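Beneath this line is the structure, given in structure tokens, with notes to follow.
Note that the coordinates shown come from a computational prediction; the quantities given were computed from them, not determined experimentally. Each chain gets a letter, A, B and so on, in the order its sequence line appears, and its residues count up from 1.
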Protein chains: 2
Amino acid sequence: MTDPDAPRRRSDVTRTAILDAARERFASDGYERATVRAIAQDAGIDPSMVMRYYGSKEGLFSAVIDVELVLPDLGAIPVDDVGAVLIGHFLDLWENDSVLQTLLRVGVTNEAGAARMRAVFAGQILPLAEQFVVTSQDAARRAALVASQVLGMALVRYVLRFGPAADMPRADVVAWLGPTVQRYLTAKAP
Amino acid sequence: MTDPDAPRRRSDVTRTAILDAARERFASDGYERATVRAIAQDAGIDPSMVMRYYGSKEGLFSAVIDVELVLPDLGAIPVDDVGAVLIGHFLDLWENDSVLQTLLRVGVTNEAGAARMRAVFAGQILPLAEQFVVTSQDAARRAALVASQVLGMALVRYVLRFGPAADMPRADVVAWLGPTVQRYLTAKAP
DNA sequence: ACTGTATGCCAACATGCGTTGACCTCCGCC
DNA sequence: GGCGGAGGTCAACGCATGTTGGCATACAGT
């Protein structure tokens, strides 16, 4: 019997090596400073392989950011815990998946990255806010508020690495930010 | 009598033209994509002038981000209004001065920019938090929380330009974010 | 075992970058 | 009126980048 996880082509191991290296380089250096040559060297192959398998640097980047963010179903948890659960889940996401760091780093200077970020926002955070509110304009605003706090914490904690933000224990982040997004989602509009 | 604001050297007009063009380019494109050639063209002079007056691209960037952020004295306003006043002031700052956009755009991919951002944080937001709290570690955390919300809103509103965040009237931003930073600064630690 | 093709490397290309030094020009001063 | 220096342009350098085509090699199907 054949292993269903086995690579279908011999080149698949190289393909994913390139993708992994690219993920890290884009996440830590941003789009411009992550050079094809550096990515290729990290992956242990020739730069021309990148072009063969992904067409161009832009194509490689597209492959890197083409991921699905999955948020937990918030219907199953008590309404009062939504804020805390959400913050906890976002912290997991940021710490275990480099694609969000990539998006944040690149979205700030690259329009394609910004567009992808907006798409994630529209596909994940917006529907979430719509569970708590009637009019769609109100939901959009609340989603934007949640995004501002979540991305802001990610920025100072993981990207800019402000000491106090980076050192804060996870539980404290949840305790402080949880009520904030809870209010953004469920409080009466001011 | 001589005008005290008159340029002391004939080249001062060119110097500031370069600086103005650099501010805009760095703010909108980030460090890597803001080329010396493009800045020079915007300023209407030759690229070599940039080198003559600022030594290098790095030197020009240093000159651009070498600014003082001034926050209002919060001693004079009622304690309960601190959050709202602060948010209002930050919105003014972001809308009237491109240097913060520059810092945010560059700080995400450039270590010098990130360092400058941390310095602004330590020099401006941290002392502010120290007015409300006794231990310096607590103050640092509260300052980081305020920074996360303020920078997060700047990110989604001015840089990533999420529709709902960019369109939100200024008064609504103050009404939503004011209580948040108010709580970060003055509420009992959880 | 033979052959075609997928896989990979190497060398080179064109381009745009930051940066440099030689040259020109015009203002202010003796 | 001539002169020295500051202000400015021009062309070029060296380098790193993304990208390309040609060539070797090793695998898979017959």
- prompt: Can you tell me if T180(A) and R183(B) form a side-chain donor-acceptor pair at under 3.5 Å?
  reply: yes
d(CZ, R25(A); C1', dT17(D)) in whole Å: 15 Å
message: I'd like to know if D138(A) pairs up with R141(A) as an ion pair, taking the criterion as any Lys NZ or Arg NE/NH1/NH2 lying under 4.0 Å from an Asp or Glu carboxylate oxygen.
response: no
- prompt: In terms of ring plane angle, is the pair Y31(A) and F61(A) parallel, tilted or perpendicular, where the classes change at 30° and 60°?
  reply: perpendicular
Separation of atom CZ in F61(B) from atom P in dC17(C), rounded to whole Å: 18 Å
- request: Between dT19(D), dT19(C), dC9(C), spot the one nearest the side chain of M51(A), thanks.
  value: dT19(D)
field: D20(B) bridged to R23(B) by N-O distance under 4.0 Å
entry: yes
Under-4.0 Å side-chain N/O to phosphate OP1/OP2 contact, T14(A) with dG8(C): yes
What protein N or O atoms touch nucleotides 10-13 of chain D N or O atoms at under 3.5 angstrom, if any, and at what distances?
{"residue": "dC10(D)", "atom": "N4", "partner": "D46(B)", "partner atom": "OD2", "Å": "3.4"}
{"residue": "dC10(D)", "atom": "N4", "partner": "S48(B)", "partner atom": "OG", "Å": "3.1"}

query: In terms of side-chain heavy atoms of T35(B), which of dC9(C), dG18(C), dT17(D) is nearest?
result: dG18(C)
- prompt: So does D92(B) pair up with R170(B), basic N to acidic O under 4.0 Å?
  reply: yes
query: Rounded to whole angstroms, how far apart are CZ on R33(A) and C1' on dA16(D)?
result: 14 Å
- prompt: For the pair made of CG in D29(A) and P in dT17(D), what is the distance, rounded to whole Å?
  reply: 11 Å
message: Filter on salt bridge (Lys or Arg N to Asp or Glu O under 4.0 Å), then keep only pairs touching residues 53-66 of chain B, sequence neighbours left out; what's left?
response: none
field: Atom-pair distance (CD on E32(B); P on dC17(C)), nearest Å
entry: 13 Å
- prompt: Just checking Y53(B): base, sugar-phosphate only, or nothing, at a heavy-atom cut-off of under 4.0 Å?
  reply: sugar-phosphate
- request: State, without any angle test, whether S148(B) and Y184(B) hold a side-chain donor-acceptor pair at a distance under 3.5 Å.
  value: no
task: To the nearest Å, give me how far apart CZ (R9(A)) and P (dG8(C)) are.
output: 11 Å
message: Using whole Å, what does the distance between atom P of nucleotide dT20(D) and atom CZ of R52(A) come to?
response: 12 Å
field: Whole-Å gap separating P (dT19(D)) and CD1 (I39(A))
entry: 11 Å
